[in-house]
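We're numbering straight along the sequence, starting at 1. As the structure lists them, so they are numbered: ligands from 1, and atoms in each ligand from 1.
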Amino acid sequence: MIPHFPLTEPSDPPWIHPRAAYVHIPFCAHQCGYCDFAIATGKDDRIHAYLDALALEMSSWKQRPIPSPLATLFVGGGTPSHLNLGQLAILCDLLHHALPVQSGAEVSIEANPESLSAEKVKLLAEAGWSRISLGAQSFSKRTLKNLDRPHDPDAVRNAVALVKAANLDVSLDLIFGAPAQTSPDWQADLVEAIALGTDHISTYGLTYEKGTPLEKRVRLGMVRPIGEELERTMYSMAMESLGGAGYEHYEISNFAKPNKRCRHNEIYWANEAHLGFGMGAAGFVGLTRNLNTRDLERYIRQCFEGSNPAFQSETLGPRERVIETMIQNLRRAGGIESNRFFKQTGFEPNAFFKPELNPLAEQGFLAVDEQGFRLSYEGKFVADTVMKRLIRCL
Ligand code: SF4
């Protein structure tokens with residue numbers, strides 16, 4: 001059991017001053033079969049109102065303590081590149097004034113291959129963006145079709161070339177475990193992502209989220225998931241191929257060339273404070289987690305009315321702080337570092353997790369030493385189970 005008091009509170013706790021901000025652009029051309037994100041399709045006539053609402057939400061934040069210039073800014077979606085050139089220029093201008101960043105900050109935006117153009121990349125480069133994260137998912141026409149993606153493999157190749165020509169860092173999202181995908185298909189995806197000179201690669205195992213078009217097709221027997229064994233093989237192929245090509249496996253799903261880690265996501269995985277703006281966005285400041293409404297019209301209306309668009313707000317107590325920090329930290333290659341964990345939570349990790357540390361280490365799922373503990377190679381395949389067992393210690 002975690003005592004409520006006393007906590008040894010650090011003098012400058014990492015949950016007070018946000019160094020990162022996330023901005024959500026929910027608009028998409030259509031819904032991909034597996035998508036469970038906060039999106040809006042067929043609502044392009046609301047883009048301008050949405051950008052105005054974003055500006056209002058950001059200016060209302062400024063009534064509270066203004067954060068220092070940010071170390072990272074991440075615009076995700078949805079599909080931010082779905083905005084046309086004029087709308088993208090408005091967004092850049094808004095962020096420039098509302099969310100100032102430090103010199104050398106990481107400024108990332110997500111884009112879909114079919115909606116990225118040379119003009120948009122030029123605009124982003126001139127506005128100071130440093131990194132574009134492309135929703136590639138696959139280089140196989142069949143896999144893209146089975147995921148209901150709106151682009152073909154050539155669009156990915158063209159988009160990577162555009163980003164590299166502008167000297168911006170490029171990250172690719174790839175999905176494994178898609179319906180009918182085979183090991184050779186997945187190997188070909190990895191080979192091509194490496195060959196394109198990608199700086200950063202995120203690999204996600206497909207999940208069939210309840211209510212998504214793909215999950216409905218599974219329920220109706222129209223689609224058959226590939227099975228756990230093949231998925232496991234694909235994950236190990238990613239670790240071997242990308243590791244062999246010089247990518248550091250720095251987080252369960254993420255691989256980076258030297259000095260190309262996503263610094264924004266590293267702030268999440270360290271469970272440090274961050275701001276979140278836009279429909280469905282999550283923020284974490286002063287131990288309070290806020291989650292904005294996922295309803296487009298409600299988000300716009302509440303911002304225009306001057307009310308808080310958060311529909312959920314939770315302040316973490318000591319137990320939740322320990323659990324969340326453990327879950328986030330354990331995703332990283334460095335895992336739980338005892339000193340850092342103590343600074344973040346006020347607790348020594350061994351004080352709580354000890355009953356499971358040795359058993360998990362003996363089963364080969366955790367590597368434990370005096371610095372802390374982290375997932376082993378085998379542990380990465382069963383990370384959720386390891387986390388659940390550690391939570392049961394509390
Ligand atoms: S582009 Fe991305 S956010 Fe939009 S529907 Fe497809 S998966 Fe979802």
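Here the protein heavy atom with the shortest distance to atom 2 (Fe) of ligand 1 is Arg149 NH1, 3.9 Å. Protein heavy atom closest to atom 4 (Fe) of ligand 1, with residue, atom name and distance, is Cys28 SG, 2.3 Å. Looking only at protein heavy atoms, the nearest one to atom 6 (Fe) of ligand 1 is Cys32 SG, 2.3 Å. Protein heavy atom in closest approach to atom 7 (S) of ligand 1: Tyr34 OH, 3.5 Å. The shortest contact between atom 8 (Fe) of ligand 1 and any protein heavy atom is with Cys35 SG, 2.3 Å.
Assignment of Gly78 to the shell around ligand 1 is supported, since a heavy atom sits closer than 4.0 Å.
Between Arg232 and Glu378, at least one side-chain N (NZ, or NE/NH1/NH2) sits under 4.0 Å from a carboxylate O, which counts as a salt bridge. A salt bridge does not link Lys43 with Glu297: every distance from a Lys NZ or Arg NE/NH1/NH2 to an Asp or Glu carboxylate oxygen is 4.0 Å or more. Ion pair Arg219/Glu215 flagged as a salt bridge, since at least one NZ, NE, NH1 or NH2 atom sits closer than 4.0 Å to an Asp/Glu carboxylate oxygen.
Residue-level proximity to ligand 1 for His30 is carried by the backbone, the only part with a heavy atom below 4.0 angstrom. Contact annotation for Asn112 and ligand 1: only side-chain heavy atoms (C-beta onward) come within less than 4.0 Å of the ligand.
Between His274 and Tyr268, the distance separating the two ring centers is shorter than 6.0 angstrom.
Two residues are said to be in side-chain contact when any heavy atoms from C-beta on lie closer than 4.5 Å; Leu95 and Met58 meet this criterion.
Between the side chains of His200 and Tyr250, a donor-acceptor pair is found at a separation under 3.5 Å.
Atom-to-atom distance recorded for Thr345:OG1 and Glu320:CD is 12.5 Å, nearest 0.5 angstrom.
Of all atoms in ligand 1, listed by their number and element, those nearer than 4.0 Å to a heavy atom of Ile39 are 3 (S), 5 (S). Less than 4.0 angstrom separates some heavy atom of Gln31 from each of these atoms of ligand 1: 5 (S). Per-residue contacts place Phe37 under 4.0 angstrom from the following atoms of ligand 1 (heavy atoms of the residue considered): 3 (S), 8 (Fe). The distance from ligand 1 to the heavy atoms of Thr79 drops below 4.0 Å at these ligand atoms: 1 (S), 4 (Fe).
Side-chain atoms of Glu192 never come within 3.5 Å of backbone atoms of Ala188 as a donor-acceptor pair (strictly under, hydrogens ignored).
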